[in-house]
Structures are given as C-alpha cells and as structure tokens.
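Heads up, the thing below is written out as structure tokens.
Throughout, a chain's letter reflects where its sequence line sits, starting with A, and its residues are numbered from 1. These numbers come from the heavy atoms of this one structure, side chains and all, not from hydrogens, waters or symmetry mates.
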Amino acid sequence: MKKLINKPENVVKESLEGLGLAWPELIKVNLEPRYVYRADAPVKGKVAVISGGGSGHEPMHVGFVGVGMLDAACPGEVFTSPTPDQMYEAAKKVDGGAGILFIVKNYSGDIMNFEMAADMLKGEGVKVESVVINDDVAVENSLYTQGRRGVGTTVLAEKICGAAAERGYSLEKVAALCRKVNDWGRSMGMALTPCTVPAAGKPTFELAEDEMEIGIGIHGEPGRQRMKLKSADEVTEMLAEAVIEDLPFKAGDEVLAFVNSMGGTPDIELYIVYRKLHQILESKGIKVARKLVGRYITSLEMQGVSITLLKLDDELKELWDAPVKTPGLRWGI
Amino acid sequence: MKKLINKPENVVKESLEGLGLAWPELIKVNLEPRYVYRADAPVKGKVAVISGGGSGHEPMHVGFVGVGMLDAACPGEVFTSPTPDQMYEAAKKVDGGAGILFIVKNYSGDIMNFEMAADMLKGEGVKVESVVINDDVAVENSLYTQGRRGVGTTVLAEKICGAAAERGYSLEKVAALCRKVNDWGRSMGMALTPCTVPAAGKPTFELAEDEMEIGIGIHGEPGRQRMKLKSADEVTEMLAEAVIEDLPFKAGDEVLAFVNSMGGTPDIELYIVYRKLHQILESKGIKVARKLVGRYITSLEMQGVSITLLKLDDELKELWDAPVKTPGLRWGI
Amino acid sequence: MAITKADVIKFLERAADLLRQNRDYLTQLDSAIGDADHGINMDRGFTKIMASLDSVKDKDIGSILKACSMALVSSVGGAAGPLYGTAFMYAAKVLDKKEEITPEELYQALRSALEGIQARGKAVEGEKTMVDAIAPALRAFEEKLQAGASLKEILQAAVQAAEEGVKNTIPMKATKGRASYLGERSIGHQDPGATSSYLLFKAMLDVVEEKGG
Amino acid sequence: MAITKADVIKFLERAADLLRQNRDYLTQLDSAIGDADHGINMDRGFTKIMASLDSVKDKDIGSILKACSMALVSSVGGAAGPLYGTAFMYAAKVLDKKEEITPEELYQALRSALEGIQARGKAVEGEKTMVDAIAPALRAFEEKLQAGASLKEILQAAVQAAEEGVKNTIPMKATKGRASYLGERSIGHQDPGATSSYLLFKAMLDVVEEKGG
Ligand SMILES: Nc1ncnc2c1ncn2[C@@H]1O[C@H](COP(=O)(O)OP(=O)(O)O)[C@@H](O)[C@H]1O
Ligand SMILES: Nc1ncnc2c1ncn2[C@@H]1O[C@H](COP(=O)(O)OP(=O)(O)O)[C@@H](O)[C@H]1O
Ligand SMILES: [Mg+2]
Ligand SMILES: [Mg+2]
Ligand SMILES: [Mg+2]
Ligand SMILES: [Mg+2]
C-alpha cells in the first residue's frame with residue numbers, strides 16, 4: 001500500500017485536522033464525535049442540511065460544508081457509515097430552529113445510523129426529515145432488496161438543497177426538493193483500477209491489466225459486469241445509455257451532465273469522456289444546460305469515472321447557479 | 001496502460017474538444033494550431049497573459065483560461081512543449097493592444113519554442129515580454145546549467161498576473177510582477193507512483209512497492225533521490241524544509257501554502273500533508289495567509305504531492321483574492 | 001448453573017479476542033461481497049467495549065450490556081454498528097438489574113437481541129445476513145433448553161447450528177445489506193456478518209467450557 | 001558526384017524510416033534522463049515532413065529544406081523541434097535556389113545547420129546534447145573532404161564519428177536540456193538527441209551507398 005499517510009487508524013482524524021487548518025474562514029471541525037460544520041452555524045431560521053457517510057469519497061461530504069451547501073457533514077471511518085452520535089451532535093450544533101434535513105445515501109449502514117440519530121433528535125423535539133438518495137442504475141431496483149445505491153446525485157442534491165435552504169425554503173420544501181432531485185437523477189460508474197482502504201492495506205478487489213469493472217460502487221463494491229477494457233468512447237456509451245434509458249431522459253429535456261473521476265483518473269481523460277457524453281446527448285436532442293466535470297464523489301485513489309445526469313427545470317437551474325463557497329465546490333462568492 | 005482514452009494520438013485533441021464543449025461560456029478551443037482562449041478575447045486595452053507547455057498537467061494550463069487568469073493557453077502533446085505557431089496564433093487572437101505576457105516554465109523546449117514565437121511576434125510589432133518560472137528547489141541552481149524547472153509557482157503566477165492584467169496593469173508592470181512572484185515562490189515535489197505517457201504506453205519510470213522519489217519533476221523526470229517510503233509527516237518535513245530554507249522563508253513572513261496533488265493522490269491524503277505543513281510553518285513563525293490545496297499542476301495519474309510556498313505582500317494578497325473564473329480555478333464570480 | 005456477571009465480562013473479553021484474531025478473515029469475506037471493512041469494524045467496536053468496561057463492570061448485567069450497546073453504536077458505524085448495538089440494547093432490557101442469569105433468561109435475552117436486529121434491519125432468514133446464523137442457533141438453543149440439557153450442551157448445539165447457518169449463507173443470493181447490490185454475483189460467498197455472529201456464540205461457549213459447566 | 005534533389009528527397013524518406021524504426025529506442029533513451037518522448041517527437045516531425053513534401057518537391061533544394069524546417073518547428077515541439085527546425089532553416093539558407101549540390105556545399109550546409117542549433121540552444125560540445133554527435137561528424141566530414149575522398153567515404157567517416165560522439169555522451173554530465181536537471185544522475189546514459197542526429201547522418205550515408213556513389 002502506497003499512500004501519504006501516517007498511521008492507517010489516524011487517516012480520517014488527521015485529514016479532518018488538515019481540512020480545518022486550511023479553511024478556518026469556512027468551517028470548523030469537531031473531533032469527538034467527528035463532524036465538520038459551518039463556521040457561522042447555527043444560521044438562525046435556516047433549515048440545516050446535513051449529510052455524511054464513510055470517508056474516502058472526498059470532497060464529498062466534508063468538502064461540501066460551507067455557505068450555500070451543507071451545514072454539517074459527518075464522516076465515518078474510510079468507507080464505513082458514521083455513527084448516530086455524530087449526526088446527533090452535529091444536528092444539535094447547526095440547528096437554526098427551522099429543522100434538519102438529513103441527506104442519506106442508500107446503504108443499509110447509512111440508513112440505520114441516520115435513522116437512529118433521527119429518532120434521538122425527534123425524541124427531543126427537533127424537526128428532522130431524511131431523504132434517501134438511490135440513483136445508481138447499475139443496481140437492479142426491486143421492492144425485495146436494499147434497492148439502488150446512492151452515488152453522484154448526492155453531490156447535486158447537496159448543492160441544490162443547500163441553495164434552497166440558504167434562500168429560506170421550509171424544511172418540508174427542502175425535503176420535497178431533495179426527493180425531486182433524487183427522482184430526476186441517475187448515475188453509473190466504472191473502474192479501471194481498485195483502491196486500497198488504509199486499514200485493510202490491500203486492494204478491495206483485483207482487475208487484470210486488460211479488464212475493467214462496469215457498474216462499480218463507490219466503495220469498490222463489484223459492479224454489473226467485469227469485461228475487457230474498452231475505449232473511452234465505448235465506455236461512455238455504455239454508461240450513458242444505461243443512465244439515459246433508465247429515467248428515461250428524452251429529447252427536449254434539459255440536463256445537468258456530471259462527469260466524475262473516481263479519484264485517480266485525471267482531467268485529461270475526464271474531458272475525453274465528457275466530449276463523448278455531450279455528443280451522445282446532443283444526438284438524442286437532450287440539451288446540456290449545466291455541467292460538472294471533476295473529482296467530487298471519489299473512491300480514494302481508484303481510477304475510473306462515473307456519469308450522472310439530472311433532469312433540470314427552472315427551479316433546479318436557478319438553485320444550481322446560486323452562490324456556493326465550500327472547500328470542494330465554489331462559485332459566485 | 002489503463003486509461004480512458006480512444007487512440008493515444010488523439011488524447012490531447014479530444015480532451016480539448018471536451019473542454020470546449022463543457023465551457024462554451026468561458027473559452028473557445030482552436031484545433032489547428034492548438035490553443036484555448038477566452039471566449040471574449042481580445043479584451044481591448046488589457047495585457048494578454050499567455051502560457052503553455054506540454055499537456056498532461058491539467059488543469060494547468062488550458063484549465064486556467066478565463067476571466068482573471070489566462071487569456072490563452074497553448075497545449076503541446078503530452079509532456080512535450082508546444083510549437084511556436086501555437087503561441088504566435090494565440091497571441092494574434094487575444095492581443096488587446098496592450099501587449100502580451102508569456103509565462104514560460106524553464107524547460108529548454110518551452111524556452112526555445114516561446115522564444116521563436118516571441119521573435120515572430122516582435123517582427124510584426126507586437127509587444128511581448130517573457131517571464132521564465134524556475135522555482136523547483138529539487139534542482140541545483142547553477143549558471144552553468146539549464147537551471148531550475150518551473151513547477152507549482154507557475155499556477156500562482158498565472159492567477160496573480162491574470163488578476164493584475166484584468167485590473168489594467170501595463171505590460172511592464174505585469175511582467176515585473178511575474179518576476180516578483182517567481183522570485184518569491186519555491187516548490188518541491190515527490191512521487192509514490194509513476195505515470196504513463198499515452199503515446200509511450202508504459203510508465204516513465206519504475207518505483208518498487210516500498211520506494212518513493214523525492215524531487216520528482218512534473219514530467220516524471222527523476223528527482224533528487226530515490227528512497228524508502230516514509231510517513232506523510234516525514235515526507236512533508238523533507239519537502240517543506242528544502243523549500244523553506246531555499247528562499248529562505250523567515251519568521252514573520254506571510255505565505256501562500258500550496259499543497260498540490262500530482263494527479264492520483266486523493267484529497268484525504270493531501271489534507272494530511274497540509275496539516276503537517278501548516279504545523280511546520282506555524283512552529284517557525286511563518287504565517288499561512290492564503291492556501292491552495294488540490295490538483296492544479298499534475299503529471300497525469302501520478303501519485304505524489306508537491307509543496308509550493310509563495311511569500312506574500314499586500315499586493316499579492318489582493319491580486320490572489322481577486323475574482324477568477326476558469327474551468328480549473330474559480331472564486332468571487 | 002447460573003451465569004454470573006464475571007462470566008458476562010469473560011464473554012466480552014473472549015469475543016474481543018476472537019474478533020481481533022478474525023479481523024482479517026472477516027474483512028476478507030466482506031471484500032468479496034461488500035466493502036472490506038467488517039473485521040475492522042467489529043474489532044474497533046469490541047476494542048471500544050473493552051475500553052468502556054472499567055466504568056460499568058460493577059453494575060448489573062443489564063447496565064453492562066447497555067454500555068456495550070452504546071460503545072458499539074458509537075464506534076462501529078456501517079450496518080454492523082446499529083445492528084449489534086440494537087441487539088445488545090434489546091438483550092440489556094431483558095437482563096435489567098440482574099446480577100446472575102439462568103439459561104432460560106439467556107435464551108430470552110438472545111431472542112430479544114434477534115428481535116432488535118430484525119426491527120432495525122428488516123431482514124428475515126434467507127437474505128444472507130447475520131440473521132441466518134442467529135435464528136438457527138436460537139432454535140437449537142431452545143430445543144436443548146427444553147430437553148433439559150446443560151448450558152454447555154445447549155451452547156454446543158447453538159454454535160454448531162450457527163456454523164451451519166454461516167455455511168448456508170454461501171449459496172444464498174443477498175437481498176439485504178451491501179451484498180444485495182451484487183444480485184446474482186453475491187452467490188457463492190459466505191456472509192461476513194453471519195460469521196461474526198457465529199464467533200459471538202463461539203465466545204459464549206468458550207467461556208462456559210472453560211468454566212467447566 | 002553531385003547530390004540531386006531526388007537524393008535529398010530519398011534522404012528525407014530514409015530518415016523518416018530510420019526514425020520510425022528507432023522510435024521506441026529513442027523514447028526509451030529519453031525516459032532514462034528526460035521525459036520519454038524524443039522518439040515520438042522525431043517520428044511525428046518526420047511524418048509531417050513526409051506529408052508536406054508533395055507540395056514542395058518540385059521546388060529547389062533550399063525550398064524543400066525550408067518546408068522541412070517549418071514542418072519540424074510546427075509539429076515536434078519540445079527541445080528537438082526548435083533545434084532541428086533551426087538546423088534545417090540554416091541549411092536551407094546555404095542551399096537556396098540549388099537544384100544540385102556538391103559535397104563542399106553539403107558541408108557548408110551542415111556547418112550552417114550546426115551553427116543554427118548552437119545559436120538556438122547555446123550548447124557547446126561536452127554538454128551531452130546532439131551537438132556532441134554533430135560536431136565530431138562535421139570534423140570528420142571536413143577532413144575527408146579536404147583529403148579528396150568520395151562522398152561515400154566522407155559520409156562513412158562522418159557516421160562513424162557521429163556514432164563515437166553518441167557513445168561519448170554516456171559518461172558526460174548533462175548541463176543543457178532536460179537531462180541537466182539530473183546533475184550527476186545523468187551520467188551513464190546515452191543522449192537521445194545525439195542518437196537521433198547520428199541517425200540523420202546514417203540516412204545520408206544509406207542514400208549515397210544505395211546510389212553506389
Ligand atoms: N438489514 C440487515 N439486517 C441484518 N444484517 C444485515 C443487514 N444489512 C447488513 N447486515 C449484515 O451486516 C454485515 C456487514 O457489516 P459491515 O461490513 O460492518 O457493514 P457495511 O456493510 O456497512 O460495511 C453483512 O455481512 C450482514 O450480515
Ligand atoms: N540546449 C540544447 N542544445 C542542443 N541540444 C539540446 C538542447 N536541449 C536539449 N537538446 C537535445 O534535445 C534532446 C531532447 O529532445 P526531446 O526529448 O525531443 O525534447 P524535450 O527534452 O523537450 O522532451 C536531448 O537529448 C538533447 O540532445
Ligand atoms: Mg462499510
Ligand atoms: Mg518533452
Ligand atoms: Mg462492510
Ligand atoms: Mg524529451
């Protein structure tokens with residue numbers, strides 16, 4: 001395992017300390033229990049948007065705390081859901097009196113831990129709404145299973161709901177908006193290489209030099225299919241087709257096209273994928289009204305890419321464009 | 001070689017096409033010869049700031065074209081200097097009548113190609129100033145050699161000079177400012193893993209599972225020393241000490257601390273390095289007045305990190321804070 | 001033969017040891033169909049239990065198990081944290097104020113623990129989870145209990161049933177938890193959570209066997 | 001024996017072939033002390049020359065070499081592009097309007113080319129660059145020329161001197177170009193640019209030998 005770390009067991013803690021030292025104007029870091037929160041929290045009268053999940057997906061979530069996005073983020077160990085006390089304490093810290101929105105990715109661990117925190121808070125009279133993001137089309141959707149994983153749409157939901165909260169939307173309205181974003185967003189990812197959880201010390205899976213994994217999860221969970229490495233255009237087609245036909249996205253739709261690096265894939269490759277995605281969408285009469293290209297929801301150093309499409313209306317466009325100032329996403333201020 | 005590409009020979013072209021499709025509101029892409037330029041160029045009466053170099057270091061340089069930073073960038077093949085016709089054509093396109101500043105990294109190829117372009121432009125009466133960035137303390141500085149490589153300070157110079165040009169600084173003043181940034185900036189990098197130039201198909205160098213390369217160049221050039229892998233804190237100390245003692249940076253100085261990923265190193269590790277750097281600087285009485293943490297000057301998918309320190313005065317701080325809107329760096333607008 | 005508070009503490013210590021020894025094994029099982037952290041998670045949780053025992057070890061068994069629940073919930077995370085945390089919490093309720101417990105009370109506590117797991121995780125048998133080790137173990141427990149067997153015999157039967165339950169998860173297709181994302185591809189792999197549940201039964205048996213009960 | 005325009009074209013074709021064949025070799029040399037692109041760069045440049053020959057092949061030799069210069073400058077990039085581009089430009093000046101050239105004129109053109117390289121790159125012999133192949137080759141060329149040798153003999157001597165020049169770069173410490181960043185660590189490696197220069201001399205010899213001159 002080759003990483004710039006000290007001890008595996010200190011990775012999350014030291015990284016959070018670094019984040020706090022780097023961005024004192026934006027965020028504060030609480031270490032016991034672990035959460036990152038807006039330096040100016042609580043913002044009176046504003047719905048507080050909180051998310052969290054395993055670490056190793058940075059900038060998501062801790063890098064999205066700040067103005068116009070998250071009020072707090074609760075990082076678990078690498079790829080492990082955070083514990084209820086983290087969400088409970090974070091919520092107490094950032095509660096501005098207008099209620100708390102939990103944005104939860106659909107993993108049984110995340111669901112259960114956020115649920116326990118919500119129960120604790122509700123017991124104390126705090127208004128809490130939880131919205132579960134489950135946008136990964138790689139996973140068969142079924143009433144009889146855990147359902148789809150939450151992936152790329154989470155980033156977009158955090159931005160859009162953060163902007164809505166900043167504008168004074170009520171808790172019910174922010175939660176409804178979050179559900180709309182989840183309903184309108186679809187994703188799928190793939191990996192060229194695995195990643196190594198520091199505490200585990202060896203790669204989560206293995207891929208031969210000429211293989212790739214289609215439909216990979218953001219924790220290195222095996223995907224839909226392992227197959228021979230294909231060209232960027234072919235990979236993009238595979239991912240885009242699966243995503244487009246799932247909603248389905250149709251001619252005349254306006255979308256946000258999000259091309260995301262799993263961590264190790266550099267910009268030069270991301271833009272080759274973006275190029276093809278843009279061409280595919282145009283050829284189908286789907287208009288790319290907004291885009292996001294970069295590393296936003298990662299799996300440590302894994303090489304690979306994910307594609308997320310989000311259908312847009314005027315409300316979503318306006319909220320997407322609203323100013324945001326976080327370590328990981330910033331514009332307008 | 002595992003990459004999301006189509007054909008090695010099309011990597012730069014297709015990536016530029018993708019960049020252009022993604023950011024039409026900011027930039028335009030010219031393919032023959034290759035350069036990326038501000039969509040609103042030429043800006044009348046403004047000094048045009050142009051840089052360029054081999055591709056593979058994205059977002060530098062093409063990702064830094066836009067408002068408040070570069071007017072144009074000329075990308076060569078991967079890790080290969082661009083050709084003079086690129087800089088010549090780009091300069092003609094963005095010349096607003098106030099002259100052209102070339103920001104050139106100190107590699108013989110870059111120097112010679114920019115020099116040829118400058119000669120061609122001067123022959124036509126265009127005012128051109130060239131400033132060479134040579135901030136890499138890993139390389140011994142000597143009158144009798146090529147001198148130091150240009151690395152991390154280039155990013156800072158492009159931001160600061162871009163802001164100055166936007167504010168109406170004259171060509172002479174922007175060039176003088178650029179020299180000041182170069183004089184006050186120092187960098188050093190290291191690698192955990194090599195990278196693979198697409199056209200070459202295999203890694204530029206090899207490192208054993210327990211080895212790292214200290215003082216690596218951004219093209220995978222061997223560095224000062226190959227040694228056993230050390231902890232993040234030890235690596236940070238090694239880089240920071242070399243950088244600090246070179247200027248030297250002293251107690252009471254204000255600095256911009258820039259922790260840069262070589263491409264494949266994820267945020268979670270970068271912030272562990274930032275943490276230690278911040279602690280080292282504080283312990284020496286050097287004040288971190290500004291910071292930049294992320295992937296800004298990369299070597300494809302190489303894992304590793306570089307540290308750049310830039311001494312700051314009020315002018316540099318103000319120009320650093322000025323609004324910038326490019327694909328790779330954005331704030332304030 | 002009654003189970004004393006000292007036995008409960010020994011059980012926790014033995015469980016912590018077993019989970020530490022099987023840390024890599026559990027993690028490896030989880031890497032095949034999950035995210036390669038189950039052993040790390042369980043080890044972290046029981047290390048936390050060990051660290052928090054000192055302040056509660058003089059209280060009643062219910063209080064001790066409640067402290068374990070808090071330790072697990074606040075340190076394990078993932079799916080296993082809330083599930084095992086809830087299990088200990090439900091068991092603690094049954095054993096509230098007890099300084100000693102009978103095999104019958106142990107059975108009631110374990111039943112309650114399983115109810116907690118199912119209330120939290122909504123899994124039934126056959127979904128390739130820890131329930132597939134615990135439910136058969138409890139059936140074996142009950143049978144032997146009613147037949148008047150010794151605690152040692154009871155736990156031997158429970159451990160054996162748990163072990164079979166673990167093996168039975170191999171051909172199952174997961175429909176709960178992270179492994180369910182794999183669909184058909186989850187078939188052929190042993191469930192890590194069922195395996196850690198088996199280890200907890202094994203820890204109980206070890207303590208009773210050592211005691212010579 | 002005079003060198004015709006057809007010979008010049010054959011030389012360019014042969015050079016393109018040789019550089020294509022040695023693409024990986026040159027790149028590998030560059031990966032040891034540079035950035036692993038020299039073979040790729042040279043191949044790209046001479047491929048561009050081949051593509052641009054059609055439109056100039058009926059003009060004089062000077063014009064052909066000037067077109068080569070433009071092709072190299074606008075396609076090679078790196079250090080080699082300006083250096084070889086300038087070399088061809090300087091050679092073209094000497095051979096302006098010529099339809100045929102004598103060995104003496106060839107010598108003058110090559111001298112001028114070296115001057116161009118040194119004006120552009122500021123390197124002198126001993127700095128571990130292409131100059132270390134070209135300069136000794138031209139000394140051998142001049143010596144044989146003055147001794148009245150045939151063009152074939154002249155070029156054989158030049159190629160041999162270039163080859164020795166290439167070998168002599170191995171123990172040198174680079175003080176120009178990308179390899180100079182390595183300082184002492186550049187010692188022990190053969191310079192890629194010197195090697196490509198040797199190949200250009202070799203291409204000239206091959207054409208003359210084939211012609212039977
Ligand atoms: N809904 C559920 N009900 C019961 N057990 C579950 C459920 N979801 C997951 N599990 C158990 O949890 C185990 C995984 O635990 P762990 O790896 O620690 O958590 P995570 O999956 O969040 O990484 C699985 O092997 C399974 O036995
Ligand atoms: N200043 C110089 N003068 C003469 N030759 C040089 C000079 N700098 C570099 N070279 C030659 O260029 C070669 C490298 O060319 P190439 O790899 O194409 O360019 P780059 O170093 O920019 O990648 C070196 O091997 C050396 O022979
Ligand atoms: Mg987990
Ligand atoms: Mg090069
Ligand atoms: Mg797991
Ligand atoms: Mg080179």
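For a residue to count as touching a neighbouring chain, one of its non-hydrogen atoms must lie under 4.5 Å from one of that chain's; by this rule B/Glu77 touches chain D with the side chain only. B/Pro82 touches chain D through its backbone: at least one of N, CA, C or O sits under 4.5 Å from a heavy atom, while the side chain does not. Heavy atoms closer than 4.5 Å to chain D are found in the backbone of B/Gln225, but not in its side chain. Interface remark: B/Phe205 contributes no atoms to any contact with chain D (heavy atom separation under 4.5 Å).
Listed by sequence position, D/Val73, D/Ser74, D/Ser75, D/Val76, D/Gly77, D/Gly78, D/Ala79, D/Pro82, D/Leu83, D/Thr86 are the residues of residues 73-86 of chain D in contact with chain B, using a 4.5 angstrom heavy-atom cutoff. Residues of residues 177-192 of chain D that come closer than 4.5 Å to chain B, counting heavy atoms only, are D/Gly177, D/Arg178, D/Ser180, D/Tyr181, D/Leu182, D/Arg185, ordered by residue number. Residues of residues 34-43 of chain D having a heavy atom under 4.5 Å from any heavy atom of chain B, listed by number: D/Gly34, D/Asp35, D/Ala36, D/Asp37, D/Ile40, D/Asn41.
Residues in residues 185-202 of chain B take part in these salt bridge (Lys or Arg N to Asp or Glu O under 4.0 Å) pairs, two or more places apart or across chains: B/Arg186-B/Asp246.
Under the 6.0 Å cut-off for aromatic ring centres, B/His219 and B/Tyr107 qualify, their centroids lying closer than that. Ring centroids of D/Tyr90 and D/Phe88 are separated by 6.0 Å or more, keeping the two rings apart.
With hydrogens and angles ignored, the 3.5 Å screen pairs no side-chain donor or acceptor of B/Thr80 with any backbone N or O of B/Gly76. Under the 3.5 Å distance criterion, the side-chain polar atoms of B/Ser299 are left unmatched by any main-chain donor or acceptor of B/Met262. Judged by distance alone, with hydrogens and angles left aside, the side-chain atoms of D/Asp96 form no donor-acceptor pair with the main-chain N or O of D/Gly62 at under 3.5 Å. Side-chain N or O atoms of B/Asn113 include one that pairs as donor or acceptor with a backbone N or O of B/Gly109 at under 3.5 Å. A donor-acceptor pair is defined here as one N or O able to donate and one able to accept, closer than 3.5 Å; such a pair exists between the side chain of B/Gln86 and the backbone of B/Thr83.
Considering only heavy atoms from C-beta on, D/Met89 comes within 4.5 Å of D/Lys66 through its side chain.
Each of B/Glu115, B/Met116, B/Met112 was scored for a side chain to side chain contact (heavy atoms under 4.5 Å, CB included) with B/Pro84, with one residue passing: B/Met116.
For the pair B/Lys3 and B/Glu301, the salt-bridge criterion is met [side-chain N within less than 4.0 Å of a carboxylate O].
To the nearest 0.5 Å, the span separating OH on B/Tyr35 from SG on B/Cys74 amounts to 8.5 Å.
When every heavy atom of B/Thr193 is checked against every heavy atom of B/Gln303, the shortest pair comes out as OG1-N, 2.9 Å. Across all their heavy atoms, D/Lys57 and D/Lys5 have their closest contact at O-CE, 3.4 Å.
Other residues, nucleotides and ligands contribute at most 12 non-hydrogen atoms within 6.0 Å of the CD atom of D/Glu143.
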